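Below is one structure, written out as structure tokens, with a few remarks after it.
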Amino acid sequence: MEQTALHRGTGLLWIEAVNSNPNGDPDQASDPRIRQDKHGVISAVSLKHKIRQLIAYKEGALWQEISEELGIEEKDWNHYDILEQKETSRVAVKKLAPDEFLYRFWDARVFGTTFLENKEDGSFIHTGVAQFGLGISLSPVEIERMTTTKEMPAEEGKGKGMAPLAYRIVPYGLYMMPFFINATMAGKTRCSALDIELLLRILPYAYQETASYMRAQVNIRHAYYVEHRRARGGYSDFKILEALTPKSLLNDAEEPAKSIADYDTEAVERRILQLNQQMDQKAGPVRDLVES
């Protein structure tokens with residue numbers, strides 16, 4: 001894939017959870033995360049972990065298909081290693097020179113890291129090029145808990161295993177997670193346009209391809225993205241995010257939504273058309289990465 005200049009980017013993920021736990025809270029016995037106002041939360045850390053998993057799994061069909069589409073040859077796969085994973089040897093990584101470190105680890109170039117910040121030759125990377133905000137549900141969410149059983153008991157002599165109230169889910173939640181591409185940091189992390197294009201290609205599959213028992217129906221319904229015409233941006237991030245965020249159709253703001261039908265998605269489609277006109281010559285049109 002031809003290398004191009006990196007520009008600012010503004011994006012918004014619509015993460016939809018149906019009878020699932022999109023992000024467990026270890027401080028609350030793995031209940032789905034919620035704020036004091038009962039709105040659900042998905043941390044950026046949890047999403048980036050899934051992206052890292054998919055890129056680290058070079059034997060997987062997703063990596064092989066996308067790397068081929070982007071023209072990333074197998075001999076260059078070591079340029080897309082993942083730093084933040086259990087298999088990483090901290091001792092071995094700390095022996096790498098900064099140039100070697102940046103060449104090898106895709107997630108350090110894209111997300112940043114403090115892994116080597118104490119090297120004797122000066123401070124290393126702190127922040128990265130891609131930044132994800134908290135995913136917050138548009139409406140309050142309910143939490144349901146259920147005891148489940150399994151055929152293999154946890155103790156000898158027991159008939160079946162039981163997990164009391166271990167199945168903890170939200171019946172429905174639509175979460176908005178903003179993300180940004182900060183081209184200014186690219187020089188420091190040596191992040192390329194190809195690095196970011198890989199992120200954008202992988203992003204729609206972050207939940208679909210890492211589904212689990214507790215996240216069987218968590219998916220990205222829309223992954224809206226706007227690339228600005230300049231590195232420093234050309235249009236307000238806030239106006240873009242406001243236009244892309246749906247409004248609730250429910251009369252009671254405290255009522256949990258039951259499905260996507262409880263949101264005015266048609267109004268978003270109309271606002272996208274208006275936004276594209278307003279951003280003309282300042283930023284590219286709104287793309288939905290899910291449908292690209």
Side-chain angles (χ1 to χ4, degrees), residues 11-57 60 62 82-88 107 111-113 128 130-155 160-179 199 202-223 254-260 262-263 290:
L12 185 67
L13 303 179
W14 292 25
I15 304 174
E16 192 172 28
V18 179
N19 294 322
S20 296
N21 185 343
N23 188 192
D25 186 346
D27 292 329
Q28 298 296 330
S30 292
D31 267 356
R33 291 182 186 269
I34 58 169
R35 303 192 306 188
Q36 290 185 344
D37 61 3
K38 305 302 182 183
H39 286 252
V41 175
I42 299 175
S43 73
V45 171
S46 71
L47 175 67
K48 290 190 287 187
H49 175 66
K50 294 168 180 57
I51 294 169
R52 287 183 170 106
Q53 280 183 302
L54 291 173
I55 292 180
Y57 185 34
L62 184 65
I82 296 299
L83 173 68
E84 298 287 345
Q85 59 177 327
K86 293 179 181 178
E87 293 78 8
T88 298
D107 55 335
F111 298 139
T113 183
Q131 298 297 330
F132 289 80
L134 277 178
I136 305 294
S137 68
L138 292 174
S139 303
V141 296
E142 298 173 311
I143 296 177
E144 294 185 357
R145 304 173 184 87
M146 181 174 64
T147 297
T148 58
T149 61
K150 57 182 180 179
E151 290 300 320
M152 180 177 290
E155 300 177 19
K160 287 188 177 181
M162 294 187 66
L165 300 179
Y167 193 74
R168 300 162 182 253
I169 54 107
V170 295
Y172 184 81
L174 183 62
Y175 301 72
M176 299 290 114
M177 179 179 283
F179 68 99
L199 170 66
I202 291 282
L203 193 51
Y205 306 100
Y207 290 94
Q208 171 186 310
E209 299 300 318
T210 60
S212 67
Y213 174 60
M214 297 301 296
R215 288 186 286 102
Q217 289 179 271
V218 180
N219 224 325
I220 294 178
R221 178 174 279 269
H222 295 292
E254 301 303 314
E255 181 182 353
K258 297 295 189 291
S259 74
I260 191 68
D262 289 334
Y263 296 101
V290 172

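Nothing here was measured: the structure is a model prediction, and the numbers come from that model.
Listed for the Tyr172 side chain is no donor-acceptor partner under 3.5 Å among the backbone atoms of Pro256. Between the Asn21 side chain and the Ser30 main chain, a donor and an acceptor come within less than 3.5 Å of each other. Between the side chain of Ser46 and the main chain of Ser43, a donor-acceptor pair closer than 3.5 Å is present.
A distance of 8.5 Å separates CD1 of Ile15 from CE of Met176, quoted to the nearest 0.5 Å. With values rounded to the nearest 0.5 angstrom, Ile202 atom CD1 is found 9.0 Å from Glu209 atom CD. In this structure, the separation between CD1 on Ile260 and CZ on Arg221 is 4.5 Å, given to the nearest 0.5 Å. Interatomic distance, Thr210 OG1 to Tyr205 OH, rounded to the nearest 0.5 Å: 13.5 Å. Here the CG-CD distance, from Asp37 to Glu254, works out to 8.0 Å after rounding to the nearest 0.5 Å. To the nearest 0.5 Å, atoms CD1 (Ile55) and CG (Leu199) are separated by 7.0 Å.
Within 6.0 Å of NZ on Lys258 lie more than 12 heavy atoms contributed by other residues, nucleotides or ligands.
Here Phe111 pairs with Trp106 under the ring-ring contact (aromatic ring centres under 6.0 Å, His included) rule; sequence neighbours left out. Taking the salt bridge (charged side-chain N to carboxylate O under 4.0 Å, His left out) definition, one finds that Asp31 meets it with Arg145, Arg168, sequence neighbours left out. Under the side chain to side chain donor-acceptor pair (under 3.5 Å) criterion, Asp262 pairs with no residue, sequence neighbours left out. With sequence neighbours excluded, no residue satisfies side chain to side chain donor-acceptor pair (under 3.5 Å) with Tyr207. Judged as a salt bridge (charged side-chain N to carboxylate O under 4.0 Å, His left out), and not counting sequence neighbours, Asp27 has no contacts. Applying the ring-ring contact (aromatic ring centres under 6.0 Å, His included) test to His222 and every residue at least two apart in sequence or in another chain returns Trp14, Tyr224. Looking at residues two or more places apart in sequence or on another chain, you find a salt bridge (charged side-chain N to carboxylate O under 4.0 Å, His left out) between Arg52 and Asp107. Applying the side-chain contact (heavy atoms from CB on, under 4.5 Å) test to Thr88 and every residue at least two apart in sequence or in another chain returns Leu83, Gln85, Val93.
The nearest pair of heavy atoms linking Arg33 to Gly24 is NE-O, 3.5 Å. Across Ala17 and Val218, no two heavy atoms sit closer than the pair CB-CG2, 4.1 Å. Residue Ala223 comes nearest to Val290 through the heavy atom pair N-CG2, 3.6 Å, listed as atom of the first residue, atom of the second, then distance. When all heavy atoms are compared, the tightest approach of Ala206 to Ile51 is CB-CG1, 4.3 Å. Annotation for Pro22 and Val170: closest pair CD-CG2, 4.1 Å, computed over non-hydrogen atoms.
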Practice item. Determine, step by step, whether Leu13 and Phe132 satisfy the side-chain contact (heavy atoms from CB on, under 4.5 Å) criterion, reporting the C-alpha distance in whole Å, the side-chain angles of both residues, the deciding distance to 0.1 Å, and the verdict. Key: CA-CA 10 Å; Leu13 303 179; Phe132 289 80; 4.3 Å; yes

Check your understanding: side-chain contact (heavy atoms from CB on, under 4.5 Å) between Glu16 and Leu174: does it pass, once the steps are laid out?
Key -> CA-CA 5 Å; Glu16 192 172 28; Leu174 183 62; 4.1 Å; yes

Review point. Could you go step by step and tell me if Ile34 and Asp25 meet the side-chain contact (heavy atoms from CB on, under 4.5 Å) rule?
Key: CA-CA 8 Å; Ile34 58 169; Asp25 186 346; over 6 Å; no

Point to revise | side-chain contact (heavy atoms from CB on, under 4.5 Å) evaluation trace for Tyr175 with His39 | key: CA-CA 9 Å; Tyr175 301 72; His39 286 252; over 6 Å; no

Show me the donor-acceptor pairs within less than 3.5 Å that the side chains of residues 133-144 make with the rest of the protein, sequence neighbours left out.
from: Ser137; atom 1: OG; to: Gly40; atom 2: N; distance (Å): 2.6
from: Ser137; atom 1: OG; to: Ser139; atom 2: O; distance (Å): 2.6
from: Ser139; atom 1: OG; to: Tyr263; atom 2: OH; distance (Å): 2.7

